[in-house]
Structures are given as C-alpha cells and as structure tokens.
Amino acid sequence: MTPIELPDPETDGKTSVERAIATRASRRSFARTPLELADVAQLLWAAQGLSHVRDGVEMRTTPSAGATYPLTAFLEVAPDGCAELEAGLYRYDPPQHRLEAELEGSIHDEVTHAALGQDVIGDAPATIVLAADADRTRRQYPDHGDRYVHMEAGHAAQNVHLVCESRDLHSCPVGAFSDDDVAAVLDLPERLEALYLLPCGQPPADR
Ligand SMILES: Cc1cc2nc3c(=O)[nH]c(=O)nc-3n(C[C@H](O)[C@H](O)[C@H](O)COP(=O)(O)O)c2cc1C
C-alpha cells in the first residue's frame, strides 16, 4: 500500500509545558469522535519524530542512549478511529514522517483482548504501541542496554501524554498486557518487543 504522508508537526503550541505537566493525568474515557490526522501526526512525531541533525545523524524528539534509537512506534486504529485512516495497524517512519500500513483491517478487538480486556484500550479510537529492538542498544551497552531501552519508552510515552494534554486529548499509559498476545496480534518480527500501549482520543462530551 502507498505510504500515508502526515501533516507537518507543529513546533509551537498554546499550552506551556509547565501547564501540561501540571494538568496531565491518566484519562481513560474517550469520545466516539475520530481523531484528526493532524493529531495523530503530532503524537507520533512527539513519540519518535525527527528533531534536528547532529554530526550527520538524524536525532529524534526523545533522548536515546548513544543515539541507538531502538524504538518503533506503531499506530493501531479502531474502526472509524481516525478521520483519514482505515482500521488496522500502521508503522511510523520517522525520517519520512509518514505511515506505512502493516496490517489492513481492524485488529481492535484482538488488541483489547491482549491488553487483558481493558476498556481504556477497547474504548480508544487509536493506540500508539511502542516496541523496541533492544539489541540495538544492548550491542553498545551490554550491561545497561535493557534498562536504557525501558527508560527511552518512558521518555516517548511522556512526550505523547504531554502533547495530548496540550491538545485537549485524553490518553493513558498501559503496561498491563500479554507480551505474547500483543506480539502475535501485531505480527511483530522476532527482534521487536512491545513495551507500552498508549491509547489516545478525544475527550467524551460529558467529562
Ligand atoms: C508503567 C505504567 C504502566 C501502567 N499501566 C496501566 C494499565 O495497564 N492500565 C491503566 O489503566 N493504567 C495504567 N497505568 C497508569 C497508572 O495507573 C497511573 O499513571 C497512576 O494511577 C497515576 O495516575 P496519573 O497518571 O493520573 O497521575 C500505568 C502507568 C505506568 C507508569
């Protein structure tokens, strides 16, 4: 399938970082309204997008031990979850700032089941899945590589939550899921391990 070009990310906003930090909370309810592609683009860029070039290396919006960049961000879209995306699974391509379709057709029920049936996944129009190729980091840091990869997932997740806060979107970190089930449903290659699920969406009308 042809890659989906994403709207350029914004590098300024109306909410200060201080305000976003002060008001952020895990918000587990969502409207049925689809997400806008611009929101999806901003969240994926915040998770793993490119920020600047240093010594010829394309650096990302989140720090990475030795700039090894082990993380890949996927986007699971529920039926009618995003205005311009079919239901399914997409992989975010940071250098091109675009989405590559990975699985066509909804896997939403299966992802929810893999997340132990949590409503926060079932009710979300879209979920960012952070997965890691830990060998990239372990090769450079045999003793601390695993630890560093987990730290990086936290950096990426917090960026997503703060951007959600600044754009008046709801989001929640989800770490309780079956590793095997998520890997199977997403058809992850062996080198990738899912670390974090980040369901996101518009706030419900009655919040
Ligand atoms: C590593 C991690 C895993 C989490 N997993 C889940 C989860 O599976 N389901 C869920 O509803 N919340 C999950 N949470 C959210 C926590 O419950 C929440 O952050 C905590 O209650 C503090 O509330 P706050 O985020 O609103 O400040 C997780 C948070 C972290 C940091």
Side-chain angles (χ1 to χ4, degrees), residues 13 15-33 35 39-40 42-44 46-48 60-65 69-78 81 89 92 106-134 137-138 141 144-186 188 192-207:
T15 310
S16 69
V17 70
E18 290 84 355
R19 176 157 298 279
I21 291 169
T23 59
R24 182 217 59 84
S26 295
R27 305 186 198 281
R28 299 179 175 80
S29 54
F30 305 99
R32 295 203 170 272
T33 327
L35 277 166
D39 286 327
V40 163
Q42 194 72 20
L43 296 175
L44 290 166
Q48 276 301 285
R60 300 191 183 178
T61 49
T62 52
S64 174
Y69 295 120
L71 298 182
T72 297
F74 293 89
L75 182 75
E76 184 272 318
V77 179
L89 184 73
Y92 179 58
S106 175
I107 55 164
H108 192 64
D109 290 346
E110 291 83 350
V111 171
T112 305
H113 178 76
L116 317 180
Q118 293 187 69
D119 288 342
V120 68
I121 299 290
D123 294 344
T127 293
I128 292 173
V129 180
L130 297 177
D133 177 354
T137 309
R138 277 193 217 114
Y141 303 102
H144 292 123
D146 282 321
R147 182 192 300 177
Y148 293 163
V149 168
H150 295 163
M151 291 171 172
E152 291 184 30
H155 289 301
Q158 184 73 348
N159 272 9
V160 169
H161 297 311
L162 293 180
V163 169
C164 280
E165 201 58 31
S166 95
R167 295 173 86 87
D168 198 20
L169 298 172
H170 280 191
S171 67
C172 178
V174 168
F177 54 84
S178 156
D179 296 355
D180 289 345
D181 289 354
V182 168
V185 170
L186 270 56
L188 291 180
L192 285 183
E193 179 190 15
L195 294 179
Y196 230 166
L197 309 183
L198 310 173
C200 307
Q202 304 273 359
D206 61 350
R207 76 177 145 153

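Just so you know, ligand 1 is whichever comes first in the structure, and atom 1 is the first atom listed for that ligand.
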*Who passes ring pair (Phe, Tyr, Trp, His ring centres under 6.0 Å) against Phe30, sequence neighbours left out?*
none
*With sequence neighbours left out, which residue pairs that include part of residues 110-127 fulfil the side-chain hydrogen bond (donor to acceptor under 3.5 Å, both in side chains) condition?*
none
*Phe177 side chain reached by Ile121 side chain, heavy atoms, under 4.5 Å*: no
*Side-chain ion pair, Glu165 and Arg27, N-O less than 4.0 Å*: yes
*asked:* For Asp146, give me all partners under side-chain contact (heavy atoms from CB on, under 4.5 Å), at least two apart in sequence or on another chain.
replied: Ala134, Arg138
*Which parts of the protein, at residue level, reach under 4.0 Å of ligand 1 through a heavy atom?*
Arg24, Ala25, Ser26, Arg28, Gln118, Cys172, Pro173, Val174, Gly175, Ala176, Tyr196
_Glu152 side chain to Ala65 backbone, donor-acceptor under 3.5 Å_ = yes
